[in-house]
Amino acid sequence: MDTIISYFSTIPSSHRSLILVSGITIFWLIENAFPLFNFKYRRFHHAGINIFFTLTTIIVNFCLAFILLQVADWSVNNDFGILQWLPEMSIGVYALVGLLLLDLIGAYLVHLVEHKVKILWRFHLIHHTDTWIDTTTANRHHPGESVIRFVFTTLGVLLVGTPMWLVFLYQTLSVVATQFNHANIALPKKVDLYLSYFIVSPDMHKVHHHYVMPYTDSNYGNIFSIWDRLFGTFKVLPREEIVFGVDTHMQPHEHNDLKNLLKIPFQKKK
């Protein structure tokens with residue numbers, strides 16, 4: 001565990017970028033070999049749009065990273081936050097509790113709020129417009145949403161009292177988890193079901209991308225599935241019945257055009 005702490009305390013930006021690129025590449029290759037759905041689409045054009053949004057997400061987080069660093073250092077130095085107030089525990093339990101709480105506030109909560117608050121939904125909507133969900137969809141976030149998510153991540157770090165090494169560890173696991181659960185892959189159903197009791201599995205998350213409610217408003221989890229089960233937002237839909245997208249933007253000129261996607265949050269509601 002000391003090795004993990006040491007590594008993530010000083011993880012270079014190049015390593016974080018390598019993990020992101022490696023994850024997309026590995027799941028991209030697996031999708032090609034064992035696809036869940038045989039999409040009829042221009043795969044590289046689709047990937048180009050999603051990679052653009054991935055790059056804007058990286059830029060937003062890079063530009064604001066100093067805020068996260070300052071908040072994490074302040075929390076630890078001033079003994080502020082849940083982790084700082086809990087009794088002494090093993091470092092393994094400490095890390096697990098921190099990861100769970102960061103996932104609750106920085107992922108589940110912000111995702112839930114984005115679906116419930118209309119102005120925030122207009123930004124998050126871009127993620128849901130994708131009708132061909134694959135591993136590149138993982139970071140298909142409007143730059144405005146990237147800022148919103150950063151605010152909640154920072155709030156999570158403050159309230160949890162998270163040291164920076166644990167923040168970097170969480171972000172790394174989060175990247176890989178979201179690439180995995182968005183990937184267009186078909187795990188054996190029993191394996192997927194078993195995984196869904198612990199982490200957000202591909203079938204579990206794809207229910208969230210079904211084009212109509214109430215399924216769109218379910219399965220908000222990112223890494224851990226416990227929050228959806230605990231707060232009653234967990235739903236099941238057979239993979240064969242899932243239709244990707246969102247019912248207000250099902251036409252290609254709405255969901256497969258970069259300029260339109262950037263404008264969606266500012267367009268008049270249909």
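Since the structure is predicted, the reported quantities are computational estimates derived from the model, not experimental observations.
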Novice: Give a yes-or-no answer on whether the side chains of Asn139 and Thr57 include a donor-acceptor pair shorter than 3.5 Å.
Specialist: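 The answer is no; no qualifying pair exists.
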Novice: Output yes when a side-chain donor or acceptor of Asn219 lies under 3.5 Å from a complementary backbone atom of His205, and no otherwise.
Specialist: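 No: the side chain of Asn219 does not pair with the backbone of His205.
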Novice: Without swapping roles, check the side chain of Thr56 against the backbone of Phe53 for a donor-acceptor pair under 3.5 Å.
Specialist: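 Checked: pair present.
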Novice: How many angstroms lie between CG in Asp103 and CG in Asn222, if you round to the nearest 0.5 Å?
Specialist: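 Between atom CG of Asp103 and atom CG of Asn222 there are 5.5 Å.
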Novice: Mind listing the closest non-hydrogen atom pair of Ser201 and Asn181 along with its distance?
Specialist: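 Between these two residues, the closest heavy atoms are O-CB, 3.8 Å.
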Novice: Okay, side chain of Thr178, backbone of Ser174: is any donor-acceptor separation there less than 3.5 Å?
Specialist: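 No.
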Novice: Rounded to the nearest 0.5 Å, what's the gap from CD1 on Ile24 to CD on Glu31? Could you check?
Specialist: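 Ile24 atom CD1 to Glu31 atom CD measures 10.0 Å (nearest 0.5 Å).
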Novice: Which of parallel (below 30°), tilted (30 to 60°) and perpendicular (above 60°) describes Trp121 and His115?
Specialist: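 Ring orientation, 0 to 90° scale: tilted.
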Novice: Does a side chain donor of either Thr162 or Tyr170 reach within less than 3.5 Å of an acceptor in the other side chain?
Specialist: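 There is no such pair between these side chains.
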Novice: Which pair of heavy atoms, one from Arg16 and one from Ile11, lies closest together, and at what distance?
Specialist: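 Taking every non-hydrogen atom into account, CG-CD1, 3.6 Å.
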Novice: When His128 is tested against each of His208, His255, Glu114 for side-chain hydrogen bond (donor to acceptor under 3.5 Å, both in side chains), which residue passes?
Specialist: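 Running side-chain hydrogen bond (donor to acceptor under 3.5 Å, both in side chains) over His208, His255, Glu114 with His128 returns exactly one hit, His208.
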Novice: Would you say Ser6's side chain and Thr3's backbone share a donor-acceptor pair under 3.5 angstrom?
Specialist: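 Not at all, since once roles are kept as given, no pair shorter than 3.5 Å links the two residues.
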Novice: Walk me through whether Tyr215 and Tyr211 qualify under ring-ring contact (aromatic ring centres under 6.0 Å, His included).
Specialist: CA-CA 8 Å; Tyr215 298 101; Tyr211 78 117; 9.9 Å; no
Novice: First locate atom CG of Leu109, then atom CH2 of Trp227, and finally report the distance between them rounded to the nearest 0.5 Å.
Specialist: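 Here the rounded value is 11.0 Å.
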Novice: Determine the interplanar angle of the His124 and His127 rings, folded into 0 to 90°, and report it as parallel if under 30°, tilted if 30 to 60°, perpendicular if over 60°.
Specialist: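 Taking His127 first and then His124, their aromatic rings lie parallel (interplane angle under 30°).
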Novice: Has Gln179 got a side-chain atom pairing as donor or acceptor with Leu20's backbone, closer than 3.5 angstrom?
Specialist: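 Yes.
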Novice: Under the 3.5 angstrom rule, does the side chain of Asn77 hit a backbone N or O of Asp73 as a donor-acceptor pair?
Specialist: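 Side chain of Asn77 to backbone of Asp73, a donor-acceptor pair under 3.5 Å: yes, one is there.
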Novice: Would you call Glu241 and Lys235 a salt bridge, taking side-chain N to carboxylate O under 4.0 Å as the test?
Specialist: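 No salt bridge links Glu241 with Lys235.
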Novice: Any idea which heavy atoms bring Ala72 and Met164 closest together, and the distance?
Specialist: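 In terms of heavy atoms, the two residues are closest at CB-SD, 3.7 Å.
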Novice: Which distance, rounded to the nearest 0.5 Å, do you find between the CG of Leu159 and the CD1 of Ile105?
Specialist: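 Answer for the CG-CD1 pair, Leu159 versus Ile105, is 5.0 Å.
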Novice: Can you classify the ring geometry of Trp28 versus Phe44 as parallel (below 30°), tilted (30 to 60°) or perpendicular (above 60°)?
Specialist: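 Correct class here is tilted.
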